[in-house]
Amino acid sequence: SGGSTGAGSSGDSAGPGTELTTVGFVAVGPEGGWRNANEQAIKDAFSKDAGFDLKYAPAASPSDQKSQLDAFSTFVNDEVDVILLTATEASGWEDELKKAKEAEIPVILLDRGVDAPSDLYVTRIAPDNTQVAKSVGEWAATTFPSGANYFVLEGVPGLSVVNERNEGFDAAIAGKSGWNKVGAQTANWKTDEGKSVIETALKASNNGIQFIFAQNDEMGIGAAQAVAAAGLKPGTDVKIATIDGTKGALEALAKGDLSFVAQYNPFFGTDAVDAVTKTLAGEKVDSTIIVKSATFDSAEAAQKALDEGKGF
Amino acid sequence: MRGAPTTRRPVDENTPAVATAADAGETWSRFWGRSQSLIPTLAAVVLFVSMLVYAEIAYGRVFHLGTMSSLLVSFAPTIILAVAMTIVILSGGIDLSVGAVVAFTSVSGVMLMGAGVNGWLAIVLMIAFGALFGLASGVLIQYFSVQPFIATLAMMFLARGLASMLSTVPVHAPEGAPIELLATDWKLIDGPKVNDLVLTPGFFIAVVVVVGAVFFLHRTRTGRTVYAIGGAESSAQLMGLPVARTRVSIYIISGALAGLAGVVYTAEVGGKAQNVTGIGWELDAIAAVVIGGTLLTGGVGYVLGSVVGSLVLAALWMIITKDGSIKPEYLTIITGGILLAFVLLQRVLTKRKSE
Amino acid sequence: MNRLRALTRTPWFWGIVGIAVLLLVNTIKDPTYLAVGINPTTGQLSGNVLDILRVSAPIVMIALGMTFVIATSGIDLSVGSVMAVGGAVAMVTLSNLGQPDSVGAMLTAIGLAIALGALLGAVNGFLVSVVGLQPFITTLVMMLAGRGIARVITGGQNTNAENAPFRALANGQFLGLPLSFVLAIVIVIAVSVVMRRTALGLMIESIGINPRASRLAGIRPRPILITVYVLSAVLAATGGLFTVSEVMTVDVSGTGYQMELDAILAVVIGGTSLAGGKFSIVGSTVGALLIATLNKTVLFLGVSAAATPAFKAIVIVALVLLQSERVRALVLHRGNRPQTPAAPLAEPAQPKEVVA
Amino acid sequence: MVNEIFPVVEVRGASIAFPGVKALDGVDFRLLPGEVHTLMGENGAGKSTLIKALTGVYQIDSGSIAVFGEERRFANTGAAQDAGISTVYQEVNLCTNLSIGENVMLGQEIRSVFGINWRATHARAREALQEMGLGHLDTRAPLDSISIALQQLVAISRAMVRKSKVLILDEPTSSLDAAEVDVLFGVIRRLRDRGVAILFVSHFLDQVYAISDRITVLRNGGFVGEYLTRELDRTELISKMIGKDLGALRALGSNRQIDERDRTATPVYSAEGLARTGALAPTDLDIHRGEVVGFAGLLGSGRTELARLIVGADKPDAGTVRLAGTTATIASPVAGLAHRIAYSTENRREDGIVGDLSIRENIMLAVQAQRGWLRRVPAREVDRLVTMYMERFSVRPNDPDRPIRLLSGGNQQKVLLGRWLATDPELLLLDEPTRGIDVGAKADIQETVAELAEGGMSVVFISSELEEVVRLSERIVVMKDHRKIGEVAGGPDVTAERIVSIIAADSDERAETLVADPRVIDGEGEHA
Ligand SMILES: Nc1ncnc2c1ncn2[C@@H]1O[C@H](COP(=O)(O)OP(=O)(O)OP(=O)(O)O)[C@@H](O)[C@H]1O
Ligand SMILES: Nc1ncnc2c1ncn2[C@@H]1O[C@H](COP(=O)(O)OP(=O)(O)OP(=O)(O)O)[C@@H](O)[C@H]1O
Ligand SMILES: [Mg+2]
Ligand SMILES: [Mg+2]
């Protein structure tokens with residue numbers, strides 16, 4: 001393996017026997033259900049049969065940008081044909097991207113974006129975090145026309161996903177009257193912490209919470225259990241909305257524990273293959289490719305999605 | 001018992017020099033007897049080189065200017081942290097706060113730059129902030145008998161918390177801030193495409209830190225006191241060595257170096273700082289120190305060993321990346337397994353010599 | 001007065017004071033904080049204090065195990081990962097068995113989780129006592145590997161399951177107290193009895209204080225060290241079971257993440273020295289309760305997520321300062337001979353292991 | 001005559017209280033330039049504490065300390081050193097992770113622009129060692145490659161580097177043999193003649209009388225008096241130390257054994273070709289029931305090694321062992337104890353006490369280990385054994401719950417003896433059991449040994465004090481250079497001189513090759 005200098009950059013689709021296109025994938029690694037599904041989808045799409053040799057490089061830990069930078073520069077030095085990048089962090093990539101440019105390696109961003117001039121990468125393929133969070137906010141605004149006391153379960157503080165999801169949600173309810181933020185706490189993406197946080201938040205506010213925005217499914221599922229344990233009825237007394245759309249969340253939605261699940265669609269492996277093939281063939285690729293994500297706002301919708309195998 | 005030595009060590013001029021054939025053997029075994037503590041470090045060097053050779057054969061492009069430059073440049077902060085950790089561990093302590101201190105110093109420093117503070121002054125302040133955390137740990141440990149693990153754990157929480165309170169979104173140094181100069185690429189050899197030898201001031205800072213630490217530990221009284229404290233604290237005390245002062249300095253140095261690592265890393269990522277930087281770096285630093293042959297109980301080990309230890313970790317990640325077929329579930333099993341393999345190998349080597 | 005003095009010198013006294021202060025702060029924020037009532041819907045007792053007890057159960061478990069490891073002058077950084085392993089085994093077993101009401105399924109899950117925990121603990125113990133690696137690095141390796149093993153068990157997915165009896169472990173009540181807490185306390189008492197009624201505790205301490213002298217006195221260190229690491233891992237797996245039973249989901253990256261730090265803090269707050277030797281089970285339990293109270297207080301006060309670590313740091317520093325001889329002397333105005341008692345007559349002489 | 005001279009150190013009414021013990025109670029003490037001043041007192045009298053108070057390890061609660069006429073309170077030992085007081089504390093306090101030379105020079109390394117000049121530093125260390133007769137040591141070898149005794153000499157060399165005005169030596173001779181003591185005394189006399197004030201502590205009366213000009217006696221932390229050595233005879237000194245006229249002294253000279261044992265019976269312990277590379281050349285040894293066998297030899301002759309191999313503390317790599325005729329393998333202390341062989345170490349601090357455990361627990365440790373952790377020794381039995389041994393050796397303070405770490409060195413030794421006797425051994429190996437023990441207790445221990453043997457226990461008695469070995473033993477195994485060179489039957493005609501002459505006569509070519517102590521190179525290894 002390894003020898004990949006220049007070969008394949010002509011873009012001809014490779015079958016067995018011809019040389020494979022080497023793709024370096026700077027990934028995040030085990031972070032949660034969504035990430036697993038996403039990275040698996042990428043790996044499945046860039047298979048040997050499809051003419052790719054995918055080199056998968058997970059980060060040392062989901063918030064460790066340094067190991068991603070290292071993996072990236074290794075790929076640059078190895079002069080792979082294409083680099084796929086899911087950046088844990090948006091900023092700090094400029095130098096590396098420049099190096100890739102110098103080495104004439106196209107970079108395609110998956111999921112997370114980077115703060116760098118857009119000429120340094122080919123395209124970003126992703127569902128839109130802000131947009132998805134906004135859809136949660138919009139749903140909430142319609143569900144609670146006169147506003148609500150709400151609580152936000154955040155992910156690990158400081159990650160750009162967390163910031164974007166806050167932004168999107170806040171933008172949607174901005175200016176709407178009656179929205180009162182009871183609190184926001186991190187539950188570090190974890191179910192048990194989600195439960196613990198909400199349990200205490202409910203007691204601290206005398207059950208004065210009508211709506212909970214959980215920034216991922218896991219925390220939302222925990223929140224639902226806390227609500228139930230407090231003797232309230234999730235979906236009736238307290239409505240919970242989550243982002244991601246894992247199978248667990250869809251099941252919870254189908255049972256009525258959750259009220260709204262905004263899917264953050266992880267299945268864009270084929271879009272990525274498409275973009276890579278086009279780039280290598282010298283064709284033009286849109287500078288952002290937004291992956292369409294569905295939202296599910298009822299038990300029936302959730303059940304249907306589950307039946308269609310949309311959960312992951 | 002040992003094979004005839006091939007390298008003949010220069011005979012110490014002070015040993016009675018009776019030049020016989022047997023003497024060469026004795027000199028060798030005498031040298032061997034003195035240098036037992038070097039063995040684990042030497043083992044790390046050998047292993048490091050074999051890893052590189054393996055990677056070159058299996059994947060190629062390892063002995064490649066570009067790869068080598070990336071390795072050295074990107075591991076500059078890690079090396080600085082490993083040096084700091086070595087000094088602390090040699091004294092029998094531990095510093096869990098380094099990763100969080102990197103986060104705090106970089107966020108606070110960059111914010112200062114943003115607020116209009118002179119860029120160089122801000123850099124100095126970053127190092128000073130690091131030193132302050134070290135001072136706090138040192139005082140807790142020395143004067144309030146708090147165990148190092150706990151004191152530095154508290155500082156880890158504190159630094160991480162303060163960093164998050166300053167900002168949970170990435171902050172950027174203003175355009176043209178001096179900190180960006182630290183990441184200037186110095187292209188020493190310009191090869192085809194990315195096959196260049198490119199080093200940054202950050203790398204040279206790391207080199208200076210390493211050389212300085214070697215000098216400090218082996219050529220100053222305070223440095224020797226570090227070893228003495230790690231060997232037997234009460235003995236050091238009764239020998240009249242300045243234990244209190246030395247120990248507080250150790251943690252100040254460690255904190256300051258963490259601040260410096262923060263500077264170098266922040267420069268590396270283009271003057272950006274974030275509160276989530278450096279999570280778990282303390283464990284990497286500790287692993288580097290251990291791989292380099294330093295005993296966690298203190299008193300035995302070398303800074304250069306830790307540098308090799310950091311490079312071993314770098315090579316490990318490089319191999320994982322180059323291989324590119326790892327399953328994410330197995331990632332930590334593999335890194336853990338390799339760490340284990342290292343310590344086991346060293347264990348075997350040191351055991352052999354004692355038999 | 002003398003009693004009080006003796007009491008203030010008991011390290012965990014300050015742990016209790018800490019808990020009291022935190023509860024007081026919460027009560028000031030909300031006078032009904034300590035109230036316990038019956039939840040009409042679930043029919044269970046409910047109250048903040050009960051929540052604290054419930055979430056303390058896993059911490060009590062890992063702190064208990066950690067106590068003995070630390071007493072032998074070791075450390076077990078792998079407890080958090082072993083919690084995840086325990087949780088993963090239980091969830092995967094239950095979800096594969098798919099018998100939502102079966103007690104048998106629950107017992108199978110618990111049995112398998114504990115067995116695998118014991119195995120991992122035995123590996124730790126073997127590496128430390130037979131191979132002679134340093135505990136810190138051994139258990140650091142196990143911390144990495146354990147997390148990976150948990151992921152491999154679930155195939156990397158966060159796995160959930162339904163099983164009512166298992167769910168009741170954390171969510172049920174016994175005499176109005178959370179079942180997991182009651183179980184934890186029963187385990188604590190059982191372990192204490194074993195430690196003090198047999199000579200195991202004495203031997204653990206002896207090895208922790210002076211391994212060479214202990215060996216010459218005829219104590220076999222290996223079985224004891226292995227026992228201690230196995231015990232720690234089994235208790236950690238139990239803690240993992242309590243944790244996943246809360247929400248019936250194992251989060252392979254999150255369950256038990258960094259819990260080893262909580263456990264170590266609890267043990268130290270309880271007065272067991274990281275240098276090994278004398279241990280205090282009561283102390284560690286108090287320490288664990290303090291950590292749980294602290295975690296819950298942060299939530300109750302609504303301390304912002306960003307400030308939480310700093311808040312924790314301040315509480316920890318305050319506690320360790322109160323435990324320090326020097327501050328105590330200042331606070332109680334008793335003499336000013338800071339140096340005297342600490343002076344070493346005999347330094348705990350431990351042979352330094354060669355490498356790792 | 002010396003009274004007109006201004007004291008370099010003067011302590012007035014110094015008191016120190018530790019929780020539960022008044023370690024010093026209004027002690028007066030003065031040290032004059034150019035004198036050797038001995039501090040005498042029983043174990044726990046407060047000698048070491050006084051020294052530590054003087055040198056900044058402890059702070060006194062009341063009283064005053066003046067050094068060179070100036071009132072001082074040293075915050076730490078460094079300050080005392082800077083003021084010109086060099087101290088060697090009772091337990092060897094060096095760093096085993098560093099080289100011999102560094103230990104000598106720590107804190108006083110010779111520096112140049114490039115930091116420490118190691119060559120010069122080691123040269124200076126060698127000079128200091130030379131003065132103690134240790135010129136042959138490799139200063140760059142790790143400290144733990146030499147024996148405890150040599151380490152003690154290294155510690156003394158360290159104190160000499162500073163050329164201080166005051167030199168304090170707390171029991172420096174406790175692990176030295178006669179030759180080494182002579183070297184040390186030579187050095188002390190030279191220093192004294194140079195005007196250095198020397199404070200000396202020892203439990204060996206002969207040494208005290210040989211070297212000291214003046215004696216200060218402490219008892220139970222209190223000051224008894226200060227005397228000119230030549231005006232105080234031994235009985236008087238002892239009665240001042242113990243506070244009553246001592247009958248124990250009578251026992252001292254009188255129990256020399258005549259060897260009339262029946263050697264045809266099967267020995268309790270018999271070894272053939274027992275050996276371990278680097279530690280002991282193949283050795284044969286028989287020990288019979290109820291006999292006291294002394295191991296005699298110079299420093300580093302291998303007595304400790306032999307004892308450790310017998311009990312299984314180190315694993316022999318050759319030889320057969322028979323216990324009462326049946327072959328046995330003893331490869332660990334557990335096995336040793338199982339065969340009822342107990343070994344009391346010479347290295348009390350590292351191999352003996354378990355510092356933080358109480359006296360009670362320390363006494364019971366070996367018994368408990370023998371029974372296994374499941375069967376806890378019942379409280380009543382514990383109380384009986386603990387009380388018995390604490391009384392038998394009059395351990396002070398008489399509080400079984402006190403951590404042993406807080407006892408004085410001598411009292412720790414007594415507790416350890418209790419530990420081994422409590423296991424009811426058939427063969428008891430005592431390695432330097434009287435080291436650091438006061439006269440009264442020493443007599444007790446000697447008497448105990450005789451009694452035990454009378455009761456059928458076999459005892460191996462190792463001591464650097466040849467007189468003591470000769471007096472107690474029925475048979476003496478003479479060791480040299482890690483091998484047994486002979487065996488002497490005890491009796492009235494056996495004297496220390498005779499043993500010494502046996503050792504001296506054995507100067508064959510073998511000894512020559514072993515001059516450079518083999519352990520310097522092949523050290524390590526024994527910490528299993
Ligand atoms: N740090 C300490 N804490 C508590 N008690 C102590 C401490 N150091 C010494 N002691 C007690 O003070 C008393 C005096 O001890 P010290 O070591 O001075 O005796 P010593 O005269 O040197 O005896 P030895 O001849 O056995 O060495 C003893 O009873 C001892 O138990
Ligand atoms: N191979 C060795 N390596 C390191 N230390 C050793 C070795 N052999 C013995 N020692 C240590 O050296 C110390 C003294 O051993 P030494 O050879 O002097 O015994 P000895 O003949 O009994 O002399 P003495 O009893 O007078 O000290 C012992 O404490 C022992 O632990
Ligand atoms: Mg003494
Ligand atoms: Mg000996």
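Note on naming: letters A, B, ... go to the chains in the order of the sequence lines (proteins, then strands), and numbering restarts at 1 for each one. Computed from a predicted model, the values in this text were never measured in an experiment.
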Would you give the length of the straight line joining atom [atom1] of [X] to atom [atom2] of [Y], rounded to the nearest 0.5 angstrom?
{"X": "K296(C)", "Y": "K203(A)", "atom1": "NZ", "atom2": "NZ", "result": "7.0 Å"}
{"X": "K195(A)", "Y": "T243(C)", "atom1": "NZ", "atom2": "OG1", "result": "10.5 Å"}
{"X": "T191(A)", "Y": "E246(C)", "atom1": "OG1", "atom2": "CD", "result": "11.0 Å"}
{"X": "N26(C)", "Y": "T200(A)", "atom1": "CG", "atom2": "OG1", "result": "9.0 Å"}
{"X": "E218(A)", "Y": "D251(C)", "atom1": "CD", "atom2": "CG", "result": "6.0 Å"}
{"X": "D192(A)", "Y": "M83(C)", "atom1": "CG", "atom2": "CE", "result": "8.0 Å"}

Where on [X] is there a heavy atom nearer than 4.5 Å to chain A: the side chain, the backbone, both, or neither?
{"X": "N171(C)", "value": "side chain"}
{"X": "T32(C)", "value": "neither"}
{"X": "V252(C)", "value": "neither"}
{"X": "N39(C)", "value": "side chain"}
{"X": "Y33(C)", "value": "neither"}

- Message: So which atom in K29(C) and which in A204(A) form the shortest heavy-atom distance, rounded to 0.1 Å?
- Response: NZ-CB, 4.2 Å
- Where is the tightest heavy-atom contact between G256(C) and K190(A), given as atom of each residue plus distance? N-NZ, 4.5 Å
- Does G156(C) offer a backbone N or O that forms a donor-acceptor pair with the side chain of N36(A) under 3.5 Å? yes
- Note on the structure: Greatest number of non-hydrogen atom pairs under 4.5 angstrom with chain A, of T249(C), D30(C), N48(C), falls to N48(C)
- Message: Among A170(C), G47(C), G43(C), S46(C), which residue has the highest count of heavy-atom pairs closer than 4.5 Å to chain A?
- Response: G47(C)
Non-hydrogen atoms of chain C under 4.5 Å away: do they reach the side chain of [X], the backbone, both or neither?
{"X": "E251(A)", "value": "side chain"}
{"X": "A229(A)", "value": "backbone"}
{"X": "A228(A)", "value": "backbone"}

- Task: Answer yes or no: is there a side-chain heavy-atom contact under 4.5 Å between E199(A) and R54(C)?
- Result: yes
